[in-house]
Structure formats: structure tokens, C-alpha cells
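Written below as C-alpha cells is the structure these notes are about.
Just so you know, ligand 1 is whichever comes first in the structure, and atom 1 is the first atom listed for that ligand. The figures here come from the full heavy-atom set of this structure, side chains too, leaving out hydrogens, waters and symmetry mates.
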Amino acid sequence: MIELDSSPTTLPAWQNLVQLAASANDISITDLFKQDPDRAQRMQVQHDGLLLDYSKNLVNPSIWQQLISLADQSQLKDHRSALFAGEKINVTEGRSVCHPLLRGTPAYETSEAVKKVIAENQNAHVKIQDISERIRNGEWLGSTGKSIQSVIHIGIGGSGLGPELCCQALKGYAHPQLDFYFISNVDGAEILSLLKTLDPEQTLVIVASKTFTTQETLINAKATIKWFKDRLGLTSPQSTNHFIGITTNPDNAEQFGIAAEHILTFDESIGGRYSLWSSIGLTIAIALGNDTFEAILAGARDMDRHFLKEPWGQNMPVIMALLGIWYNNFLKAPSLAVIPYCQRLQLLPAYLQQLDMESNGKSVRCNGESVTYETGPIIWGQTGTNGQHAFFQLLHQGTHLVPVDFIGTANDPLSEREPHDVLLNNMLAQSAALMKGKQDHSLPPSRFYPGNRPSNVLLLDELTPNIFGQLIALYEHKVFVQGSIWNINSFDQWGVELGKEMTSGLLSDQNDTTHMDPSTNFLSQFIKDKTR
Ligand SMILES: O=P(O)(O)OC[C@H]1O[C@](O)(CO)[C@@H](O)[C@@H]1O
């Protein structure tokens, strides 16, 4: 049974960590290596093609012991069981959180309702296989009898980022003849300029939206409907083979005109930012093949098993979560930079931004009481080496303490050894330089590098579908562990609603915005005067 109102600050380990943080300025990571010659060996975990080196952190054995105790004293173990048993841990929406169950992770006895979700998902995967194969082998024909050449995936947030990230990350597995485009923003310039380059006879539009009410997605979808009408003379293009809808709300998709047999569903217990494992993954299966999609799911399942079975000190998501809590709550370092040294993972920081910040950017505990401690960190980053030429100055010499997750691949079959070695050695050098610094007092102060700046290194054997699936599930569970210890609900996102409401209000009151605040009213009038 999960305690909704307990605060982590009352736990003995939390209080001990407060004490330990008071003298944390004395910790030197390089000294810790000197004191413990086995530190590099001890503070690493390997799992199925994934290595986490967490030795370069501002953590000594006493701190580490208290962090592990924090996990023990918290409700993490029960909460993890509740997650995998499909209990209704999304308390503000009264929902289960079923995304791990979509990857076929056998864990606990589940309710009949959850069994139904799993069965529905299995049916959805049969549909995904059938549709993806027909599109890939040219049997899915457009209204003029031609096969599909271009797929436009329209969806935003969790309904867009996951498929786009997968398709980019695993582009080495992509169908050689099909082209994929991802449209999320309600910026007419994007969709309209894309449509100019495509042939409607050979284009399929996938409209992905959990709610099927999202303004951006529906407006972009309407632009494609108009394009098909204008170019092919169809009266209801959205009811033809040119459109597929993916949603938890098939009634809305049908009202939009999408043919019932072209609607794939998933359950409302799958949060948008956790939905790439569901029907939302159709585009992944079309682009990369159903076998590759299944391999991504299998990788996530491997990570689920690791998370379920390993003791806290050997458990990758738990280790990463505890380190994050140490920095965020005790050393007051509010952000985490994620820097993949792999250009194909360029969307990963944005993906993790939504995963982490939408999940754990909360100020109330599960019982509605305000928290008195920091919750979700600010996630940011971009690929290395590009970031080195942008924000690494601040990482090395700025005034903020910014922990970093470096992510690299030992091998890259799409690259060659020389550039790949350069890429990897840049990553190793940056992680080492942040820790070591350079304290040469004969040089001007501007050349002083304080060092002692922490980082994790996640090294993947190779960016295979399985390891990619593990990587995403690793971060999902890390976010879960942090939310669990903070006792917040990581599975709702009420914070995004107010802005949506106010946009609708502004759009409907365009002629009179005087009831708005003076700044918004002024800007609104100013734009009106400028509008041509
Ligand atoms: O899938 P939908 O319903 O279109 O929502 C898109 C995204 O919008 C959000 O609801 C918040 O803006 C996300 O949680 C979600 O992934």
C-alpha cells in the first residue's frame, strides 16, 4: 500500500544527507580516486550491451550508503510493484500506468482491467504488423492506385517525439524507398512548405494524438486534408487510404472523418510521453520494420527486468535517480545536461526533456500537499561535439554546478573508425576534463579550470534497436524512481492545461482582449495593427 502523504524529508537517510551535504565542498573527486584505487571498477554497472560509469560523481562512500538507505526507507519497492501490477498509481486521474506492461514484462498478478489493456495492445500490434508490412511492400494503395512513397507523421509531444527519435536514431534500419516527415508545431510554414515537395497520390498521413483534440495536430491534419482535396479532387480524403489515425479516443477520430478501419487505438493508461511502445509506434514499424519495432520493445523489456530484479546498488535507473536527487536536493544543482556523442540521438535531449520535466515538474505531493523540497530537474543538452562549441564554456568555468550524462557508442557501423574514435575520445576527454580541471596558478585566472565537476558516462556497445529500447526504458525508470522518492505523481500533466485554455480564450475573443492583463491586451492590439 502506497502512503500518499509521506514526505521524504522525514526519512532518517534524508536528514543524514542534509548533514553530509554541509561538508560536501570538501569532496574532491580526484582524491576519491586516489583513496580508492578500485573506484572506477566499483562504480560501474553493465547490463546487456550498456555500461554506466558513475565513478566521476561528487559522492563518497558515506554519501552513497545514505543514498541507498534513502531508496530503502522510501516507498520505492512497493511503488515499483504497484507500477508493474498495473495499480492506479496515477492518483489525480485515477488511472493505472501501463506502459511497461506493453512490452510484455511478466511481473505481478494484474487486475482484469489491466489484462484487457494488455490484450488490446496485443491486438494493436497485430494491426501494426499488418499495416506496416502492406505499406512497406507496396500493397497499401492510395486513392489513384499508387503505392505509398512518403509518410507524414503529425503529432506533438509524446505523440510525435518518440517515433521521430526512434526513426532518427535507428535510421540505419530504415526502409530504403520510403521517406518520413514529422510535423508537430502549428507553424503553417512547416507543413505548407513540406506539402509543396510531395506527391499526394503517394502520400500517407498518420495523425497521432492520444486525445484527438490537440489544436496543433488537428490544424496540421486539416492542412493536409485541404491539400489532398485541391490536388486530387477528393471530397473526403481523410476517409481514404491516405489517412490513419492513432488515438485513445476513436470517436473523435471518426468524427474527424477517419475511416474506422484506419484507426488504431491505445489505452488511456498509457501516458503520451510513455506511448511509443503502443500503437503510436506504427510509424516506427513502417519506417524500420515490425521486427525492429519488436526488438526495441524487447530492449525495454530487458531494462524492465533489470529494474525489477537488481539490488539498488546494481540497478542502473536507481543509481542514476539517486545521484540526481543528491545534486538536485542536497547540492542545489537544479539542472542535468544530457549530451549524446551520436548525431542520430540529437532528439534525445528534447525527448528526455518532456519525459522528465512533464513527469516530475510538480509542486504537490500525491496527497495534494505542497512539497518543501526541489522536484524534477531542468533537462537540457545537445549532441557532442557540437555542444562543446556552444555551452561547454559554462560547464567548465561557469558558476553553476551542472551534472552531465554523457552517452556514447563503442561501435558505429554507419561510421568509420577514425571519425568515431575522434567522437568517442572527445567524450572521454570532456568527462575527464570536467573532473580534473587544470589548476596552474602561473597562468592568468581566465585559464583556471576548477574541475571537480561531475558526470556519468553511459556507453552503449552499439546503437542497436535492443540497446536503444533499453536506453529509453532506463530513463523512464530513472524518472519513476525520482518521482517515487519525492512522492509526487509523475503521470499527470495538469500544468500544461492553463496555457491551452488561455490560447482558446484569446482565439475566440480576438476582437476584444480588454479583459486580459494590460500587457497581453497591448500585445494583442499591436499584432492586430501589424497584421496584413
Ligand atoms: O497526444 P495528444 O493528446 O495530441 O497530446 C500531445 C501532448 O500534449 C500533452 O498533453 C501536453 O501538452 C502531452 O502530454 C502530450 O504528449
- Distance filter under 4.0 Å, heavy atoms only, around ligand 1 gives Ile156, Gly157, Gly158, Ser159, Ser209, Lys210, Thr211, Thr214, Gly272, Gln354, Glu358, Gln493, Val496, Lys500
- Item | Residues that Phe180 engages under ring pair (Phe, Tyr, Trp, His ring centres under 6.0 Å), provided they are two or more places apart | none
- SB check Asp492 Lys362 (cutoff 4.0 Å): yes
- Are Trp140 and His242 near enough that their ring centres are under 6.0 Å apart? no
- Validation row, ring centre Phe256 to ring centre Phe243 under 6.0 Å: no
- Message: Could you go through Glu93 and Trp494, starting from their C-alpha distance and side-chain angles, then the distance that decides it, and tell me whether this counts as side-chain hydrogen bond (donor to acceptor under 3.5 Å, both in side chains)?
- Response: CA-CA 10 Å; Glu93 295 177 313; Trp494 296 106; 4.8 Å; no
- Query: Hey, mind stepping through Thr520 and Asp517 against side-chain hydrogen bond (donor to acceptor under 3.5 Å, both in side chains) and telling me if it holds?
  - Reply: CA-CA 6 Å; Thr520 309; Asp517 63 88; 2.5 Å; yes
